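Remember, predicted model here, so these are calculated numbers, not experimental data. All values below come from the heavy atoms of this structure, side chains included, with hydrogens, waters and symmetry mates left out.
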Amino acid sequence: MDGHDLVRSVKLMGSVGGLRTAWRSWRGDSSAPGQRGPELARVPGPLLGADPGPGGGVVRFARSELSIRVAAGGAVFWAWDGAGRLPSHGLPGTEPAPDPRARLEPGTDGGWQVVSERLTVSVSRDGAVELRTPGGVPLRRELPPRWWEAADGGPVRWVQRAELPADARFFGLGGPPSGPRLRSGTYPLGGAGTGGAERPGRGHGVAGNPSAPVMPVQFVVSDAGTHLVFYDSSGAGRMTIREGEEGAGSGHDRPGGSEVRVDGGPLRCWAVAGTPARVLRGWTALTGAPALPPPWALGPQLAVDEGVGERGVRRIVAGHRDRGLPLSALHLVGGEGVGSSEPAGLARLAAELRADGVRLVAAGPPRQEPAETAAREERADVSGVGDARRAVVWRDPEESPSVPRPRERPFQLSSSPVRAGAQRYGGAVAGGAADGWPGLRAVLATVVGLGLCGVPYAGPDMGAFGDSGSSELYLRGLQLGARLPLFRVRAGSGAGGGGEGREPGEEVLGHVRAALLERERLGPYFVTLAYVARLTGAPYVRPVWWDAPRDRGLRECEDAFLLGDGLLVAPVLEPGTVRRTVRLPHGRWYDTVTGRTYEGPGRVAVEAPLSRIPVLARAGVVIPVRGEDGGTELEVWAPRPGRRGGGVLVRSAGTGRGKPVVERFRARWEDGRVVVEREGHPGAVPYPVRVRGV
């Protein structure tokens, strides 16, 4: 990089402060990080020429070459030194087809560029790669990389730095527990695109491991737009993020920055841009659609130590039934898995519990089935969810492993650091709230972050607070967990011993029952969200800026989330809270308990008594819920006068693999009342309708 290119890169971000930052970055890049012996430093060198090809082409430099390709779905790939798109540590075994409309062509200042529908990729004469919107606004600039090649032929180390707009905010990385929004800091990268979460000195990773590596997936939001970048490398290293600062009108903005240092593995990246919904759609189109959990896996679940035995399991289930506490599944954890118990006894117990509406699931190795399933699980091992040493694979002990095809959709959870693309095989246990009140924030951050990285079905082991946890903490944790995709309560040793679990005190038992019953009532909504995630990649749990990423106030909100399109959940994350403030997106919102209306955008104060956490419904939304008779009904929140609303209901195909039924509904005002219609089907709606907020 010469002085002219340096100044040009600063002008793109527009500041004198950026010049000083870029100069420091360039100076820092002139020395190798931690010498390990004789090594040769290398940069791309001067631009020599280019060879256009399908979807992009190859740009040749004196000491390296850069491959660029736009996939048919809009994702952009670039790699150095001839690194290919496969084998990948995040993509399935098939390579996405190129976009025939995108071609490499001469750009400005002697460089080259590829123009696609959602991104323009520009390559400078020194090897910098810039991503711009179709309107020409810069999203990020990847500076020329630098390699260190070991003289003895060992693994190559490389550094990739990037500059971003001063207002850019970072999310993703598999959900570090420090917050959905990633502050400046350094995060460890594991090999083969593993993920987890760590912020030095704080919290737990995805599996409760503070040293777990992060997923090398950045989800970046700025006024210029939203984009995702995935560093697809098999090497270990670290990622450093630096938030930028704006000059408050002085023009002295400091750009944001990202630095990735990796030992070994190729230097290759994928990028997807657009609205948050388009980014996740493109990302899951690239890495695979999320697995669809069976309906029972969307209900309240309990994890107990396998050592409780059959008698203990029956006692626990009977206790839930006697107290009126809903339970959809009971997990046996902490032992050797299915093989540690008598299979016949487990099958008998599973059948007995299933008759009472409770599934028994146990840890075990991946099932051995015909070639199609075996191939799938072989790929799962590559993605870190099929390896019994690093993952938890759950199965119904009643199901025979020798059937030609599984009768039901598989249910797999990863309790290890989650890798990019892991959503193809199942969900993730997002640690546990074992750190008291700060642990609740960590749980929320991890679930939101995993969703932005394409892993929508995730949740913690709630209730595992140890002996020091208060009844209030226990209750607030369950109230939060009841609104997360995976709702599982981890039983501790408890006063009774034997892993029978901590039972809520009588002072909060009624509130616990209310939280579990509300989760059961929202069952049809969670089933719908599961199918929406499967079809579009949109997570169940979304940051509040999901529909308004340019709202800077919403970008700063880390203590609330959207549950699908219709609900805003504001959990209680501090002790003694009975009233809290919530930052609302644009529109009218209803308190789902009191019916009180609030207008956004802005901050409002809402009631948060011990009996519940604030949940607000968007005006006009149609939410499928379970009625008192167990059937599905539609809960409609009145739209503003003169406005319309709507919603979707996906009727599950049960636990099998049948095709679901998708129904869309519209809500509107007519003659002073709210009318609900089913799209494409004139006549009465075939479900009970309850209009609220009128």
Side-chain angles (χ1 to χ4, degrees), residues 169-188 190 194-215 217 219 239 241 303 413-418 427-453 455-466 468-470 472-490 492 539-544 556-563 569-575 577 580 613:
R169 294 296 176 258
F170 296 87
F171 300 86
L173 298 191
S178 56
R181 172 184 155 198
L182 306 172
R183 264 64 174 194
S184 300
T186 299
Y187 303 83
T194 58
E198 179 206 18
R199 180 165 174 84
R202 290 194 59 183
H204 290 274
V206 166
N209 181 358
S211 62
V214 300
M215 188 188 302
V217 179
F219 198 106
M239 178 183 293
I241 288 174
L413 293 178
S414 172
S415 61
S416 64
V418 181
V429 181
D435 282 347
W437 291 96
L440 296 185
R441 291 184 179 272
V443 160
L444 177 56
T446 302
V447 175
V448 173
L450 282 170
L452 291 176
C453 291
V455 185
Y457 182 67
D461 277 335
M462 282 298 185
F465 302 112
S468 61
S470 66
E472 181 189 11
L473 174 61
Y474 179 86
L475 174 61
R476 294 306 197 187
L478 261 65
Q479 290 171 337
L480 168 60
R483 274 78 179 188
L484 299 180
L486 170 61
F487 178 31
R488 190 172 79 168
V489 179
R490 181 64 184 265
Y540 312 37
V541 169
R542 308 166 189 177
V544 292
E556 309 296 324
C557 179
E558 301 182 276
D559 59 358
F561 61 91
L562 296 176
L563 182 59
V569 181
V572 171
L573 305 175
E574 296 179 354
T577 300
R580 57 154 294 177
I613 59 175

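The salt bridge (charged side-chain N to carboxylate O under 4.0 Å, His left out) check on E472 picks up nothing, with sequence neighbours excluded. In this view, R542 and D565 satisfy the salt bridge (charged side-chain N to carboxylate O under 4.0 Å, His left out) rule, not counting sequence neighbours.
Taking CG of L182 as the start and CG of L173 as the end, the distance is 4.5 Å to the nearest 0.5 Å. Taking CG of L573 as the start and CZ of R476 as the end, the distance is 9.5 Å to the nearest 0.5 Å.
Between L444 and E558 the shortest heavy-atom distance is CD2-O, 3.7 Å. Between P543 and V448 the shortest heavy-atom distance is CD-CG1, 4.1 Å. Here the closest non-hydrogen pair linking V447 and G459 is CG2-CA, 4.1 Å. When every heavy atom of C453 is checked against every heavy atom of M215, the shortest pair comes out as CB-SD, 3.6 Å. Taking each heavy atom of P180 and F171 in turn, the nearest pair found is O-CD2, 3.0 Å. P176 and A445 get closest at one heavy-atom pair: O-CB, 3.6 Å.
Side-chain contact between F170 and S184: absent, with no pair of heavy atoms (C-beta onward) separated by less than 4.5 Å. Contact of the P571 side chain with the R441 side chain is not registered, since no non-hydrogen atoms from C-beta on lie closer than 4.5 Å. Using a 4.5 Å heavy-atom cutoff, the side chains of L473 and P575 are not in contact.
Counting only distance, with no hydrogens or angles, the side chain of S414 and the backbone of A428 share no donor-acceptor pair below 3.5 Å. Although no hydrogens or angles enter the test, the distance criterion places a donor-acceptor pair under 3.5 Å between the side chain of R483 and the main chain of Q479.
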- Message: Would R580 and I613 count as a side-chain contact (heavy atoms from CB on, under 4.5 Å) here? Give the steps.
- Response: CA-CA 10 Å; R580 57 154 294 177; I613 59 175; over 6 Å; no
